Amino acid sequence: MQELLDKRIVLGLSGGIACYKSAELVRRLVEQGATVDVVMTDAATHFITAVTMQALSGRPVFIDAWDPRIPNNMAHIDLSRGADAILIAPASADFMAKLVQGRADDLLSTLCLARACPLLVAPAMNREMWSAAPTQRNVSQLAQDGVKVLGPGSGQQACGETGDGRMLEPLQLLAEMVAFFQPKLLKNKRVLITAGPTVEPIDPVRVITNRSSGKTGYALARAAFEAGAQVTLISGPTALPEPYGIPCIQVQTAQQMHDAVLAHVKEQDVFISVAAVADWRVANVASDKIKKDPKAKTTHSPNLEFALNPDILATVAALPNAPWCVGFAAETERLSEYAHDKRKRKGIPMLIGNLAQHVMDADHTTVSIFDEQGEHPLPTSAKQDIARQLIAAIAKRLPGNA
Ligand code: C5P
């Protein structure tokens, strides 16, 4: 699934060593289906060549305001009129100062001033330049002017110093661009999501777990973030990278997940319980590794006893001032019957049901929404696409959500 299909983006580069990351960024944007027109300041060409950016974007690169390649000689108008957004990455301290002042003394600054589309900037500079009073004044002025400021990140800088001012990584900027174009259906809502499996110890080296990959939960976290929500993710162990922009609390056992959820549930608007929580834990966890009995020839096996884990979703749904709760059910048979029953039993307004054999570890999924009105099946699609549809369905049903 290409996430920026039909989007036309002007990628502006001003002068900074982070220009090397913009080569990767343009590749990622194009990979996701965007048409990218690269415009560089003269300073940017000292850090990376126009040839590199042209090869990766597959389109001519513009630098000069007097470029004769555009028939009417108005590159600043033509480039900005066709664009869905302009992203300046890297945005140097000087370029941001120019934007604040409304200066138009080269092609990139002129087309920003002449734009009829949103402007996003990804600052990139030394930490002292970033924290300097004029830069901070300019950043808040840009935000007031409706410019979206992305980052900056923090860490080791090209100059050898460490601090704030690094340009966000290409994949982070890609996530920001994809999010930028999504409707803000959950703007300023607080959403708590659990994802992945839980892991229950048997002894210090053995565990009981399940085949949940975490993909659906992480896709929902991303979709909620894209919809403008403030998301907290509580995750069992998965092979997935922590999603950009979302605080992620890692847990192992169902009890730890329960405790983490209860510690974060206050003042949440929505709780989406996607995690495949173990129903039982081992009650007699051995403190040392359980050994085989060398003398036992055939059926010797350890006796495991089990204790019921707390039902996190039912607990949250029963809280006074509970958030609006959404559950998940992965069944292997009789999905409709079990899902309806589960939704009512847990006392929740919405439950997403799917067949376990279709969902575990797959990238596509087939789900149905179960609510008071009945069952609403969604067509099979990529998990990220399904996640966006589910977030839209939640936003539509959430009481008081405009
Ligand atoms: O009861 P069952 O496990 O089938 O219900 C699945 C739903 O309940 C999922 O939303 C899951 O996250 C949640 N659940 C829970 N705590 C448990 C078991 C399941 O929150 N101990």
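Note that the structure is predicted; figures quoted are calculated from it, not measured. Every number for a ligand or one of its atoms is a count from 1 in the order of the listing. The chain is numbered in sequence order, starting from 1.
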Applying the salt bridge (charged side-chain N to carboxylate O under 4.0 Å, His left out) criterion to D341, which one of R343, K344, R345 satisfies it?
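In the set R343, K344, R345, the residue that makes a salt bridge (charged side-chain N to carboxylate O under 4.0 Å, His left out) with D341 is R345.
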For ligand 1, which atoms have a heavy atom of G327 less than 4.0 angstrom away?
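Within the 4.0 Å cut-off of G327, ligand 1 contributes 10 (O).
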Which of the numbered atoms in ligand 1 are below 4.0 angstrom from a heavy atom of L313?
8 (O), 10 (O), 13 (C), 15 (C), 20 (O)
Does ligand 1 have any atom sitting under 4.0 Å from a heavy atom of M257?
no
Any sub-3.5 Å donor-acceptor pair from K184's side-chain atoms to E226's backbone N or O?
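Flag set: sc K184 to bb E226 pair under 3.5 Å.
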Could you tell me whether the side chain of Q32 and the main chain of Q2 form a donor-acceptor pair under 3.5 Å?
no
Mark yes or no: K148 above the aromatic ring of F180, with NZ or CZ under 6.0 Å from the six-membered ring centre and no more than 45 degrees from the axis.
no
Salt-bridge criterion met for [X] and [Y] (N-O under 4.0 Å):
X    : Y    : result
E31  : R28  : yes
K383 : D363 : no
D385 : R388 : no

Polar side chain donor-acceptor pair, E200 to T253, under 3.5 angstrom
no
Is there a polar contact between ligand 1 and [X], counting only N or O atoms under 3.5 Å apart?
X    : result
V326 : no
V277 : no
K346 : yes
K342 : yes
A329 : no
S273 : yes

Closest protein heavy atom to atom 16 (N) of ligand 1, given as residue, atom name and distance to 0.1 Å:
I312 N, 3.0 Å
May I ask you to identify the nearest protein heavy atom to atom 6 (C) of ligand 1, giving residue, atom name and distance to one decimal place in Å?
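So the nearest neighbour among protein heavy atoms is F328 O, 3.0 Å.
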Please state which part of [X] comes within less than 4.0 Å of ligand 1, counting heavy atoms only: side chain, backbone, both or neither.
X    : answer
D279 : side chain
A275 : backbone
H258 : neither
P310 : backbone

Counting neighbours of CG on D105 that are heavy atoms of other residues, nucleotides or ligands and sit closer than 6.0 Å, is the number greater than 12?
yes
Quick check: do I394 and I272 have side-chain heavy atoms less than 4.5 Å from each other?
yes
